[in-house]
Amino acid sequence: MVLNPVISKLVGKLVVLASASPRRQEILRNAGLRFEVVPSWFKETLSKELFKAPYEYAVETARQKALEVARRMPFKHLKTPDMVIGADTIVTVDGMILEKPVDKHDAYRMLSSLSGKEHSVFTGVAIVLCHEKENEEVDYQLIDFYEETKVKFADLSEDMLWEYINSGEPMDKAGGYGIQALGGMLVEYVHGDFLNVVGFPLNHFCKKLDVIYNHRFLFSDKTSESVRLIHNCVPSAPELTQKPPNAREDKSNPSSPSASPAHKLKRKNGNSKASERSWTLVNSLSKGTDGETKLHDSENKSTSIISRDEGIKLNVTAEEDSEPKKEDLQRIYELLDGFKASKALFTASKLGVFDLLHSKPGLDAEQVAQEVKASVKGAECLLEACVSLGLLRTKERTCPKPAYENTDLATGFLRSDAGFSLHGYIQHCNDTLWPLFSHLESAVKEGTSQREKVKKSKDDNSQEVKLRFMNAMHSSAKVAAKAIATAFDLSSYKTACDLGGCTGAMAYEFIKVHSELSVTVFDLPAVVELSEYFHPQHTDNRVSFKAGDFFKDELPKADLFILVRILHDLTDEKLHVLLSKIAAASTPGCGLLLGEIFLEEDRSGPSCGLLQALSMSEGKQRSAAEYSRLLKRHGFITAHVKHTNSLLGAMLCVKAGTTTASPAHS
Ligand SMILES: C[S@@+](CC[C@H](N)C(=O)[O-])C[C@H]1O[C@@H](n2cnc3c(N)ncnc32)[C@H](O)[C@@H]1O
């Protein structure tokens, strides 16, 4: 779901962020933008004295970063992006421009110059729109802007300064501080866009996208003929009129602006050296907010932008055809690509990429390929895909080869030894559910589960397969366990029985949060036998295991029965058999705690439940009210329902009759 509808205009387009900054990536990703990260090779070496105002320096650096990537990609990556975003953040105080400190002493110099004062943070942003023409030439449109935010630092003592410097945080940040982390403690106030200080002025960027798209600035197939570029210069640092700072003399490098004229990029003035100024560029639509005039001629359906500074004029005829609705398009592409994203995640997980990058962060694609025994090309694609999905990120300052590391998401959930590792569940999705879903069409036509068809015959009952299933249950149970265990006040219950409790993951969480409770895990003999593989290092005798079949065998005595992810797998008939056995084993006041995905009353969602149903052998997904009605038939009255933070909802029912227990909602 995207809050800013303009961002959805970019669905299906190849958007590239020419920055390795994890903070910029996070800001844009949080806004719902899908993009690839291709860090710019442009060296930030423009001489600052050449610029009248500090923001001009930031904007020029952003332009050069974005243009370098836009030019390189068709050759190095063999694809032309639709949009490249470049950004550069600087801090200015007392007329000085502060970038990233080179060492601790530089950080000290910067931070002490900020102490007790107000300073400005400027982020220059450049948006390069690339238009590949039929003859494979590429035209470029450049839109740039900057944002200023004022920040005031408190007076910083020497101790504070050094403590902060020694935290290591200042080293990769403009001005030597990161406002979003420890550096936030140094700040007295912020006037302006906070995200601009973090590294990217999201609000201004969205407004600019709005100008570009809603004023039909794009060259599209239909409109390109009617785009006239009257002015095409890049206002640049004086040195750029001679040679761009990143221009390489190496003629063999096709990304070099001075390389062979055979390359695809279009130069308006042939191959002259000074043609840096003659790329088909439309300059800044906003040299500051008042640097432009927009004229909309509704009769001619054209939009003209006239920049006072540069005298730029662009006429674009609006398309007659109605476009597909942006949100619809985004939704459709998300659905179409869903399986690709899942499989990329499964593959990276199976190859051990997240474990590898946890133990050795900063490896490049070649090193990863070597470690996981994959091809370099394949590893490169997989790593880049994982970056685009927010599972990996590229470290800053890693040019020319990107070095990869886990994002927080990967560290938290994808490492095999993370506390909330979903590694086991991912393996189950890949090895068991993926084949089932590839038979979905037959499953739907035949109305039967395809489990038999996808069984790998004899090995399907092997211990390995059972362990894989248990591992999947264990990892996903651990993620949901706390939410279920703490959903209600269970202090009146002393003994619980977790029916189908599998590895005991839920039981161990229950005893952790309920100090008086003992839990018996009841499961099939084959499962109980293997459960010891999953016991925590320090077992607690308040958790015990009992082997049995809950349809046939006597249930352990307990005053609370726990059923997590059990009932949806059962048909109504089987469910009644199990509930009557629980009811028979319960006295009035006994509790029954259910953990399930609860469907909406009108069965319109959530989709995780409805999609799960597509691969279920029997049983069905039900709403909380349906479960409540079924339980009531066995004397269990619903006391509370809670939609937890995990995918599972929780429901607490109490056996009717004279009761001493009165559980309360926590
Ligand atoms: C989907 S798993 C749920 C595991 C656990 N409750 C959780 O949420 O992580 C279903 C569990 O029920 C167990 N089970 C299935 N049929 C059973 C039966 N007839 N008697 C006892 N346990 C059974 C399975 O072995 C498995 O551990």
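Numbering of ligands and ligand atoms starts at 1, following listing order. The first residue in the sequence is number 1, and the count goes up from there. Basis for what follows: all heavy atoms, side chains included, without hydrogens, waters or symmetry-related copies.
In this structure, Ala369 and Val376 approach most closely via the heavy-atom pair CB-CA, 3.8 Å. Heavy-atom minimum distance, Gly32 versus Gln330: O-NE2, 3.9 Å. Taking both residues in full, the closest heavy atoms of Lys574 and Phe551 are given as O-CE2, 3.6 Å, listed atom of the first, atom of the second, then distance.
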Atom pairs, nitrogen or oxygen, ligand 1 to protein, under 3.5 angstrom:
from	atom 1	to	atom 2	distance (Å)
ligand 1	6 (N)	Gly500	O	2.8
ligand 1	6 (N)	Val564	O	2.7
ligand 1	8 (O)	Val564	O	3.2
ligand 1	8 (O)	Arg565	NE	2.9
ligand 1	8 (O)	Arg565	NH2	3.4
ligand 1	9 (O)	Arg565	NH2	2.8
ligand 1	19 (N)	Asp549	OD1	2.9
ligand 1	20 (N)	Phe550	N	2.9
ligand 1	22 (N)	Asp523	OD1	3.4
ligand 1	25 (O)	Asp523	OD1	2.7
ligand 1	27 (O)	Asp523	OD2	2.7

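A salt bridge does not link Glu405 with Lys360: every distance from a Lys NZ or Arg NE/NH1/NH2 to an Asp or Glu carboxylate oxygen is 4.0 Å or more. The pair Lys620-Asp572 counts as a salt bridge, with a side-chain nitrogen and a carboxylate oxygen less than 4.0 angstrom apart.
Under 3.5 Å, the side chains of Glu36 and Ser388 contain no donor-acceptor pair of N or O atoms.
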